[in-house]
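First the structure, in the form of structure tokens, and then the observations on it.
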Amino acid sequence: MSSNSSRCDTLKATASQPLESQSEKTRSRQEREEKLILAAWQRMQHSLSEKDSAAPGLPQSFLAKQRRSTQARRARSARTEPG
């Protein structure tokens with residue numbers, strides 16, 4: 001009976017090793033994906049902040065940007081309208 005239990009223990013140990021290594025690979029891949037996503041997000045944020053730095057004294061909120069673009073569009077249309 002002890003030989004059967006030792007065989008069973010050996011089989012369990014060898015069966016769990018591939019699962020553990022597979023879960024480690026999965027965890028490692030998820031960590032790499034997270035790092036890539038974070039790096040892409042940071043690059044995008046950096047490029048957007050460089051574009052916004054062209055007008056340093058102006059507000060940077062979404063609504064402020066919308067207002068500026070509307071004002072610029074109205075100013076362009078006022079110049080082109082015959083008056």
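We're numbering straight along the sequence, starting at 1.
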Worksheet, complete the sentence: For L63, the other hydrophobic cluster members (4.5 Å side-chain criterion, sorted by chain and number) are F62
Practice prompt. Measure the CD-OG distance between Q66 and S69 for me, rounded to the nearest 0.5 Å.
Written response: 4.5 Å
Fill in: Counterpart residues, side-chain contact (heavy atoms from CB on, under 4.5 Å), relative to R29 (two or more places apart)
T26, R32, E33
Worksheet item: Going from CD1 on I37 to CD on Q30, what distance comes out if it is rounded to the nearest 0.5 angstrom?
Response: 10.5 Å
Worksheet item: For E24, what residues pass the side-chain contact (heavy atoms from CB on, under 4.5 Å) criterion, not counting sequence neighbours?
Response: R27
Discussion item. Would you say that R76 contacts R73 through its side chain, given a criterion of any heavy-atom pair below 4.5 Å between the two side chains?
Written reply: yes
